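Here is the naming used below: chain letters follow the sequence lines, and residue numbers restart at 1 for every chain. Owing to the predicted nature of the structure, the values given are computational and were not obtained by experimental measurement.
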Amino acid sequence: MARVRPLSGFPEWTPAERIVEASVLDSLREVFQLHGFAEIETRAVETVDRLAGKSEAAKEIYTLGRLNAEEGSEAKLGLHFDLTLPFARYVEEFQNELAFPFRRFQIQKVWRGERPQEGRYREFYQADIDVVARQTLPAHADVEVAVVMARALAALPVPGVTMRVNNRRLVEGFYRGVGIGDIAGALRSVDKLDKIGPDGVRTELIEQDIPESAAAAILDLAQISAPDAGFVAAVEDLWASSTTVHDPAEAEQELRAGLAELVALVEGVNAAVPGTAVADLRIARGLDYYTGSVYETFLTGHEDLGSICSGGRYDSLVAGGGFPGVGMSIGVSRLVSRMLGAGLVRASRPVPTAVLVAVTDEASRATSVRIADALRGRRIAAEVAPSAAKFGKQIQYADKRGIPFVWFPDAGSGDAESESTGGEVKDIRSGDQTPADPTSWEPPAADLHPRIVPAD
RNA sequence: GUGGCUAUAGCUCAGGUGGUAGAGCACCUCGUUGUGGUCGAGGGGGUCGCGGGUUCAAGUCCCGUUAGCCACCCCA
């Protein structure tokens, strides 16, 4: 028989790890719903031509087909690689049934055929929220989406996060004002600032035929950051000293609009979750459909992991125009894998069971089942021991699974028809054992369900 | 897609210059005959990723292949 080997990039968790992941998913869902976002789920597949669309993301798409499908007999399908594109299709398709602005969240697996690494998977969960309008979407939606995500992340058992935000209008206005034609290309280089440093970026920019003075100006811009409106004066000063085009009025208008939006964003997020947002004018985001606010979020002390929650503002969700929106996406699998891998948290036990009901002998298994049912009827998770092994073995069974309590049924009268459901319950951690009645006994609240606890 | 490293028991890993495979942990049994964890004794478990080559002899050397890890690219 072939050896079982993990498939790279397709993570699978143990039951205890899954409890951590599920609790993260539950927590996110709760915060999203609390802010009035409606849940949708889209199918896992889209047609390949729609998925492949524009970018070079096409290479990452997993295609799907029947083994014996006839040539050309069916539409080519692919697994979605994010939740935004399926959402766009969904909005287009259901536009007459949705009320706008439409606020939705979506938590699903996505698939990308990339080379996996730590925190980079081929199959992973994303948790998206978006607000989409029909014609125009006010800028306060940009703030709201970021606030919801900041709160969602703050509710998780992780160190704090820093949300680095920027604004494309600001950057594009500035870039045009210093005479840069290929804004996307320049942004791409500026985005590498952390990795290759200012000199590296300068070299790349000059290779793109950007004048040295302009390269210097946008590098200076990229190095501005502030946790409040303090960046505005710095940008204005830089603008005044580096504008080179003849008529910068239009560019300046964009710059100022972007500045205002960015100030509102930083201040809005920090008012809701203090210390979270930082205006960082180097944040570029590779995706070219963003047109306003852009966001990247880093886990404090785990910046090497990359962004765990990113997104931005886009002019038009669908090809024909209209439907402006703003959205962010949490890389849940990336986040959870680090939480587990770095020992930030663990589950208090890998099974839901709070009580193992021991079986005295197979003849009286029914008594044990009755006790377990009495507990279950009161929402206390219970299971019956798999065999009437020696009590020591049955305790060991519970111990290995982290089940905190073992219930020993009464020896009883020996009458198989006896209604007796009493016995003694033992806390196997302390060894304390006391008589108890399954119609009234309760475990401590902390033992009722598996909990997420700090790892040792 | 590009480059580097790795592959031996369920897990983590030892196995100079070729000589027929080991440890720790985990698992099972017993000591302890229906109340666990400690301790002690014993036990099961590996065609050394796969295919080929060199050799009297390959876990070890060579070639190929597959898979995994890391970095780049890109991104959650």
Check: [X]/[Y] side-chain N/O donor and acceptor closer than 3.5 Å:
X	Y	result
A:E17	A:T14	yes
A:S364	A:T367	no
A:Y290	A:N167	no
A:T42	A:Q106	yes
A:S189	A:Q208	yes
A:Y90	A:E41	no

Across the strands shown, which category fits [X] at heavy-atom distances under 4.0 angstrom: base, sugar-phosphate, nothing?
X	result
A:I428	base
A:K426	base
A:Y121	base
A:G306	nothing
A:E114	base
A:Y125	nothing

Write down the distance between [atom1] ([X]) and [atom2] ([N]), rounded to a whole number of angstrom.
X	N	atom1	atom2	value
A:I403	B:G36	CD1	P	17 Å
A:L187	B:C75	CG	P	12 Å
A:L85	B:C75	CG	C1'	16 Å
A:Y397	B:U35	OH	P	20 Å
A:R115	B:C69	CZ	P	11 Å
A:K393	B:G36	NZ	P	10 Å
A:R429	B:U35	CZ	C1'	17 Å
A:D191	B:C72	CG	P	14 Å

N/O donor-acceptor pair, side chain A:Q394 with base B:U35, under 3.5 angstrom: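 It does not, because no donor-acceptor pair links the side chain of A:Q394 to the base of B:U35 below 3.5 Å.
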
Any donor-acceptor N/O pair under 3.5 Å between B:G36 base and A:D399 side chain: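 Under the 3.5 Å cut-off, the side chain and the base do form a donor-acceptor pair.
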
Now, which nucleotide makes the Watson-Crick or G-U wobble pair with [N], with each of the two distances under 3.5 Å?
N	value
B:A67	B:U6
B:C74	none
B:G19	B:C56

Pairwise 5' ranking along RNA chain B for A:I308 and A:A358, keeping only the more 5' one: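 Nearest-nucleotide comparison on RNA chain B picks A:A358.
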
Closest to side chain of A:F124, choosing from B:U33, B:A76, B:U35: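 Nearest to the side-chain atoms of A:F124, counting from C-beta on, is B:A76.
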
Rounded distance in Å between the [atom1] positions of [N] and [M]:
N	M	atom1	result
B:G4	B:U65	P	14 Å
B:U17	B:G59	C1'	16 Å
B:C27	B:G68	C1'	26 Å
B:G53	B:C28	C1'	43 Å
B:G16	B:A21	P	14 Å
B:C11	B:G46	P	13 Å
B:G31	B:U6	C1'	44 Å

Step-by-step salt bridge (Lys or Arg N to Asp or Glu O under 4.0 Å) determination, A:R370 to A:D373: CA-CA 5 Å; A:R370 261 201 308 277; A:D373 280 341; over 6 Å; no

Aromatic ring proximity A:F405/A:W441, centre distance under 6.0 Å: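 A:F405 vs A:W441: aromatic centres under 6.0 Å.
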
For [N], does OP1 or OP2 lie under 4.0 Å from any side-chain N or O of [X]?
X	N	answer
A:K192	B:C75	no
A:K400	B:C27	yes
A:Q117	B:A71	yes

Name the atoms and distances for all side-chain donor-acceptor pairs under 3.5 Å in residues 216-225 of chain A, with sequence neighbours left out.
| from | atom 1 | to | atom 2 | distance (Å) |
| --- | --- | --- | --- | --- |
| A:Q223 | NE2 | A:L219 | O | 3.2 |

Contact residues, residues 329-338 of chain A to RNA chain B [heavy atom, < 4.0 Å]: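 Heavy-atom cutoff 4.0 Å gives A:G331, A:R334.
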
Aromatic ring pairing A:Y289/A:Y314, orientation class (parallel under 30°, perpendicular over 60°, tilted between):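 Rings of A:Y289 and A:Y314: perpendicular, as their planes differ by over 60°.
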
